[in-house]
Amino acid sequence: MASGMRCSAGHGGHGRRLAVVLALLAALASSRRHGASAAAELEGSGPKWHVVSARSLLPSTTCTAAKAAPDTSAVRVVHRHGPCSPLQARGHAPSHEEILERDQDRVDSIRRRIAGAPAISDVARAPEGVSLPAYLGTSAGTTNYIMTVGLGTPARNLSVEIDTGSDLSWVQCDPCARCYGQQDPLFDPARSSTYSAVPCGAPECRELDPQSCAADRECRYEVIYDDYSHADGTVARDALTLAASRTLPSFVFGCGHDDAGLFGKVDGLFGLGRGKMSLPSQAATKYGAGFSYCLPSSPSAEGYLAFGVGAAPANTQFTEMARGPETWSYYLNLVGVKVAGREIGIPPAVFATGGTIIDSGTVITRLPPRAYAALRSAFVRSMASYRRAPALSLLDTCYNFTGQTRVKIPSVDLVFAGGTTVNLNARGVLYVSTVSQTCLGFATTGDETSVNILGNTQQKTFTVVYDVAKQRIGFGAKGCN
Ligand SMILES: *[C@@H]1O[C@H](CO)[C@@H](O)[C@H](O)[C@H]1NC(C)=O
Ligand SMILES: *[C@@H]1O[C@H](CO)[C@@H](O)[C@H](O)[C@H]1NC(C)=O
């Protein structure tokens with residue numbers, strides 16, 4: 001995401017506080033791929049129907065370890081609120097309604113940022129005399145995929161959220177004037193022999209805001225989210241250990257001293273965005289420009305994040321990255337949708353109007369109203385033999401599978417420019433609250449000009465390859481269980 005950073009000549013309320021605005025958010029997974037996910041009627045790029053055991057749609061209470069990490073360079077990625085999470089305080093998992101409400105907040109934030117409207121938080125803070133760029137943060141609260149990395153020397157293990165909608169990474173640091181309560185002890189810079197503050201005037205500080213750094217002081221950052229969450233601190237460097245064979249000796253991140261908001265118990269947030277400060281951008285010179293991740297099928301399964309794209313699975317189908325009106329999101333050209341192998345009959349221009357981004361932090365894919373209506377009609381026709389259930393927040397097409405052993409649902413394909421057709425996993429078609437309330441996992445953008453978003457429900461189990469060097473995005477089926 002776009003970010004600005006200013007050095008402060010004097011910390012505290014005045015002076016030019018550095019401002020970085022990051023995006024945040026969202027996630028949730030629901031089900032589980034196990035059991036009878038037998039596919040019927042193989043044809044073309046994938047099955048036209050999914051036959052799944054109704055019970056297997058719900059996450060298990062025990063963690064199923066990944067069958068095999070793609071290679072030693074991968075970091076394990078898990079859902080914050082499931083049995084695979086390293087956070088013990090997961091009893092406070094938000095309800096599905098809360099998750100979906102926060103998801104809509106994230107989507108609204110993304111839309112405002114793309115539209116260039118002033119952030120609520122910018123307006124709120126302006127009277128304090130703080131000069132902030134008109135960047136928009138995305139409301140915090142549902143960026144629920146976390147990874148564990150080692151920071152410093154000796155390395156301290158920290159559990160952090162990952163977000164393609166953010167650039168600057170940050171962790172909470174000791175001493176902390178005002179931090180939210182995290183599970184692990186705070187990262188203590190004094191105990192790391194490789195830690196250093198980034199001086200004002202260093203390119204990393206300056207490049208984000210040319211006006212900053214008048215005085216020879218520490219470079220500070222401030223991340224402001226749309227929902228009044230914020231993270232403030234010192235820009236620093238330290239050794240980052242991602243995996244056994246992946247270390248960055250001089251990783252630039254934010255050492256937070258004043259953070260509040262919907263961050264839960266995590267130790268920080270790592271940005272996977274397109275900007276120069278993001279983790280993949282910093283890793284690019286060493287490992288190549290690009291990264292991939294696989295979001296697990298459910299909170300009781302494991303996925304991964306890997307840097308460099310050399311090891312993209314052989315079955316990866318690529319589509320070109322597209323240009324969008326801003327530089328912090330990853331755009332692609334969605335041109336069509338198929339249900340049970342049939343086009344829903346919406347012209348590509350309908351999808352092109354608002355453009356399409358892929359976001360790790362948005363839960364539910366948003367489609368233009370006409371496209372969503374056509375998808376829903378086709379889906380409802382295919383599901384005529386099942387009992388309907390009440391709507392679940394923004395999901396208006398739900399079913400009651402109580403008493404069903406197996407359910408047969410139509411496949412959904414996303415078609416991208418160049419003909420790349422991605423056949424979604426059954427868990428990418430449905431959003432499962434309970435067996436008696438399982439919904440079509442898509443929603444409308446609300447108007448024809450808003451950006452479409454490919455959300456994380458639909459990305460689950462695919463290896464999603466962000467091949468920045470070749471400017472393309474790939475999807476490899478069966479990337480993780
Ligand atoms: C950090 O995590 C790694 C990988 O899970 C583990 O091997 C190592 O022992 C951990 N280190 C500490 C200090 O807990
Ligand atoms: C689902 O169906 C069962 C069995 O008919 C019924 O008892 C239950 O109330 C229904 N639940 C919902 C959410 O519709």
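For ligands, and for the atoms within them, numbers begin at 1 and follow the listed sequence. Only heavy atoms go into these numbers, but all of them, side chains included; no hydrogens, no water, no symmetry mates.
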Asks: May I ask you to check whether over 12 heavy atoms, not counting those of K286, lie within 6.0 Å of atom NZ?
Replies: yes
Asks: Where does ligand 1 get N/O contacts under 3.5 Å from the protein, atom by atom?
Replies:
residue, atom, partner, partner atom, Å
ligand 1, 2 (O), N157, OD1, 3.4
ligand 1, 2 (O), N157, ND2, 2.3
ligand 1, 11 (N), N157, ND2, 3.1
ligand 1, 14 (O), N157, ND2, 3.4

Asks: Assess R80 against Y145: is NZ or CZ under 6.0 Å from the centre of the six-membered ring, and within 45 degrees of the ring's axis?
Replies: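 Judged by the rule (NZ or CZ under 6.0 Å from the ring centre, within 45° of its axis), R80 is not positioned above Y145.
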Asks: Is N400 close to ligand 2, meaning an N/O of one under 3.5 Å from an N/O of the other?
Replies: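 It does: an N or O of N400 is found under 3.5 Å from an N or O of ligand 2.
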Asks: Given the ring of F187, does R156 sit roughly above its face, with NZ or CZ under 6.0 Å from the centre of the six-membered ring and within 45° of the axis?
Replies: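 So R156 doesn't make the cation-pi contact.
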Asks: Looking at R342 and D413, does any basic side-chain N land under 4.0 Å from a carboxylate oxygen?
Replies: no
Asks: In this structure, are over 12 heavy atoms from other groups packed under 6.0 Å from R388 atom CZ?
Replies: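 Enclosed.
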Asks: Quick one: list whatever passes salt bridge (charged side-chain N to carboxylate O under 4.0 Å, His left out) with R370, sequence neighbours left out.
Replies: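 Listed in chain order: nothing, the list is empty.
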Asks: Only heavy atoms of R387, strictly under 4.0 Å: list the atoms of ligand 2 that pass.
Replies: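 Reading through ligand 2 atom by atom, the close ones are 2 (O), 4 (C), 5 (O).
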Asks: Looking only at N/O atoms, are Q437 and ligand 2 under 3.5 Å apart anywhere?
Replies: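 Such a contact does not occur with ligand 2.
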Asks: Between E204 and K276, does any NZ, NE, NH1 or NH2 come within less than 4.0 Å of an OD or OE carboxylate oxygen?
Replies: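 So K276 does not pair with E204 through a salt bridge.
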